[in-house]
Number of protein chains: 2
Amino acid sequence: MGVGGATMDERVPRDFETLRATILDRRASLPKRIAQIAAYALDNPDDIAFGTAASIAASAGVQPSTLIRFAQQLGFDGFTSLQQVFRERLRERNSSYDERLAALRAKAEDGGGHRAIFDGFVAAASTSLGDISRSLNDAHFEEAVALLAKAETIYVLAKRRSYPVASYIAYALGKLKIRNQLVESAAGLNAEMIGFATPRDAVIAISFSPYAPATIEETRSIAEQGVPIVAITDSSFSPLAQFAKVWFEVAEADFGGFRSISATMALAMALTVAVGEKRREAGRRRKG
Amino acid sequence: MGVGGATMDERVPRDFETLRATILDRRASLPKRIAQIAAYALDNPDDIAFGTAASIAASAGVQPSTLIRFAQQLGFDGFTSLQQVFRERLRERNSSYDERLAALRAKAEDGGGHRAIFDGFVAAASTSLGDISRSLNDAHFEEAVALLAKAETIYVLAKRRSYPVASYIAYALGKLKIRNQLVESAAGLNAEMIGFATPRDAVIAISFSPYAPATIEETRSIAEQGVPIVAITDSSFSPLAQFAKVWFEVAEADFGGFRSISATMALAMALTVAVGEKRREAGRRRKG
DNA sequence: GTCAATATGAAATATTAATTCCAATCCGCA
DNA sequence: TGCGGATTGGAATTAATATTTCATATTGAC
């Protein structure tokens, strides 16, 4: 008691930046071994996030107890709570928008006005774009483009929430003068339409959970005819994945129960234009 | 050897991509609970990296022992070694989202392969979202929401490139149980459909340069019937603007001559959900 | 140089988490 | 419908990890 007052009053740093500032601030006044572990922590934050007290202590050349004393001097009640801050940092780097989204959600819920709803959808869209940009596999993309580029006719298959994407693809393919067929249900002739597809054609199928049964059924049926399928869906466990030659997993963030579709849209646009590009290349080669 | 040979021979996946591929490969043959945890793992890799066996099992709705069995079936000797793979993945992803975005913008501009096309569309979408987030006028948004919320039927009007947005709005309004009519051209009965609209209804009209003549014509005609119009368009000089009670100017960035539609989509989703919200509020007030 | 205060090392202990085990259940098959 | 193997749930066990304790060393003041 008594002397320790200064330490006890202090608030515990809850985010990495504050923690870092605190450490740098006190650096001069820290005892030797504590300073040693402090330096190590700032230099190797990932090790702190994942290591055990013993392993970190060993790497830093100190005793586990020193590590705990270090945490306690910063106001944490032990190594474990210090470690939380380092872990949080890694999570946030991956999805910096997630927190913002949660805040907006809260704001929208307790009557932050309608602007909050708009902000929420913008944030959800940004998050989704960030995710897909990280996770898209180049090789899969190339494969899909190659597969679609050599198709005689591209069939586009999607219902309900995914339908807007399909209609965009159909529009863009048309613009690029690529023969395509949007499988719509207006006249109930989908089965017949699908029947015309051959292995020389290709399909883009899009469906997200809860998967529209019609989309699944039609995809199965067209796959059985030997037509190669490119699927855009939300989980590798999607029923679409099993029928597809190539599939893309797109994780869309949601806001107020409505999922974004911007990542899917961006992927769809890219696929379409890349297919156009590839055909142009092929055309040039034939002529030249 | 014997029956166990197959499992024992297998190499243990040491990196995340291999692990992922392995899981997907065996998906079909996994028992129910194991499949459940497998899906959870691929959908929430960060949770696996940070959580404890107990916490993860709880989130995925299985027993801790199932989690361990899952790890063992993949050839790991326990949950801990499986977790290492998920942690490694996080360490590897170092660059932040913004850095990455800037990099891919540059790369897309000096034409790489097809991946560059994808990156270009992601960059265009992000830019558009940033722009609209800055430029959207709160008062206009509120006004549009109020106008649409009190409509008996919301007519949705858009062709060609804007049609996907319209179909999304129609879908979302339907989900929210808000009466709406998508003005489609299939049977050529648009004029008649529009004829039913009254000043107690409202319209969302969407069109971008080059404005589809049909959209302009239909908007004019419905405006003359005294039906209030909310327009989403790309310039205050747009022919739509003159007919509209409220209009939004949305500047979409383009890539390779193809404009993004993510900002328009975000606005459309926000409008739709805000209208739903406003109606709910109004409903509560009437009852209370 | 001696004393008190502080810091450190190393082992003991307490806590928490992973793993194993066994009974109950489910599922395919005759 | 009853049998046998596979799968699952949940408690018991074992392993690991964090924390505490205490003896020893270091530092700085007088």
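Keep in mind that what you see is a predicted model, and the values were worked out from it rather than measured. Every heavy atom of this structure was used, including side-chain atoms; hydrogens, water molecules and symmetry mates were not.
Using a 3.5 Å distance cut-off with no hydrogens or angles, the side chains of B/Asp25 and B/Thr22 do not pair a donor with an acceptor. With hydrogens and angles left out, the side-chain atoms of A/Glu252 and A/Ser128 include a donor and acceptor closer than 3.5 Å. Inspection of the A/Ser135 and A/Asp131 side chains reveals no N or O donor paired with an N or O acceptor under 3.5 Å. Side-chain contact annotation: A/Thr215 with A/Ser207, donor-acceptor N/O pair under 3.5 Å absent.
Considering only residues two or more places apart in sequence or on other chains, A/Glu217 meets the salt bridge (Lys or Arg N to Asp or Glu O under 4.0 Å) condition with A/Arg220. Applying the side-chain contact (heavy atoms from CB on, under 4.5 Å) test to A/Arg161 and every residue at least two apart in sequence or in another chain returns A/Phe208, A/Arg259, A/Ile261, B/Tyr168, B/Tyr171. In this structure, the side-chain contact (heavy atoms from CB on, under 4.5 Å) partners of A/Gln225, at least two apart in sequence or on a different chain, are A/Ile194, A/Ala197, A/Ser221, A/Val227. Residues passing the side-chain contact (heavy atoms from CB on, under 4.5 Å) test with A/Glu143 are A/His140, A/Val246, sequence neighbours excluded.
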Tabulated below should be each protein N or O lying under 3.5 Å from an N or O of nucleotides 3-6 of chain D; please produce it.
none

Restricting both atoms to N or O, compile the protein contacts to nucleotides 14-18 of chain C shorter than 3.5 Å, with distance only.
| from | atom 1 | to | atom 2 | distance (Å) |
| --- | --- | --- | --- | --- |
| C/dA18 | OP1 | B/Ala53 | N | 3.1 |
| C/dA18 | OP2 | B/Ala53 | N | 2.8 |
| C/dA18 | O3' | B/Thr80 | OG1 | 3.4 |

Below 3.5 Å is the cut-off: list the nitrogen or oxygen pairs between protein and nucleotides 10-13 of chain C, distance only.
| from | atom 1 | to | atom 2 | distance (Å) |
| --- | --- | --- | --- | --- |
| C/dA10 | OP2 | A/Gln63 | NE2 | 2.7 |
| C/dA10 | N6 | A/Ser65 | OG | 3.3 |

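Within a heavy-atom distance below 4.0 Å of DNA chain D, the residues of residues 32-39 of chain B found are B/Lys32, B/Arg33, B/Ile34.
Looking at A/Glu142 and B/Arg115, no side-chain N of the basic residue comes within less than 4.0 Å of a carboxylate O on the acidic one, giving no salt bridge. Ion pairing between B/Arg89 and B/Asp46 holds under the 4.0 Å rule for side-chain N and carboxylate O.
In this structure, the CD atom of B/Gln72 is 14 Å from the P atom of D/dT8, given to the nearest Å. Nucleotide D/dT17 holds its C1' atom 15 Å from the CG atom of A/Leu82, rounded to whole Å. A/Leu67 has its CG atom 10 Å from the C1' atom of D/dA18, to the nearest Å.
Residue-environment remark: CZ (A/Arg160) stays at or below the threshold of 12 foreign heavy atoms within 6.0 Å.
The list of ring pair (Phe, Tyr, Trp, His ring centres under 6.0 Å) pairs with a residue in residues 15-34 of chain A, not counting sequence neighbours, reads A/Phe16-A/Phe86. Among residues at least two apart or in separate chains, side chain to side chain donor-acceptor pair (under 3.5 Å) pairs with a member in residues 29-40 of chain B are B/Arg33-B/Gln36, B/Tyr40-B/Asp47. Within the structure, ring pair (Phe, Tyr, Trp, His ring centres under 6.0 Å) contacts touching residues 66-85 of chain B (residues at least two apart or in different chains) do not occur.
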query: Based on Watson-Crick and G-U pairs with both distances under 3.5 Å, what dot-bracket line describes DNA chain D 5' to 3', crossing pairs as [ ] and inter-strand pairs as |?
result: ||||||||||||||||||||||||||||||
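Checked by atom type and distance alone, the side chain of A/Asp201 pairs as donor or acceptor with a backbone atom of A/Thr198 at under 3.5 Å.
Residue-to-nucleotide proximity on DNA chain D shows that, of B/Leu30 and A/Asp77, the 5′-proximal contact is made by B/Leu30.
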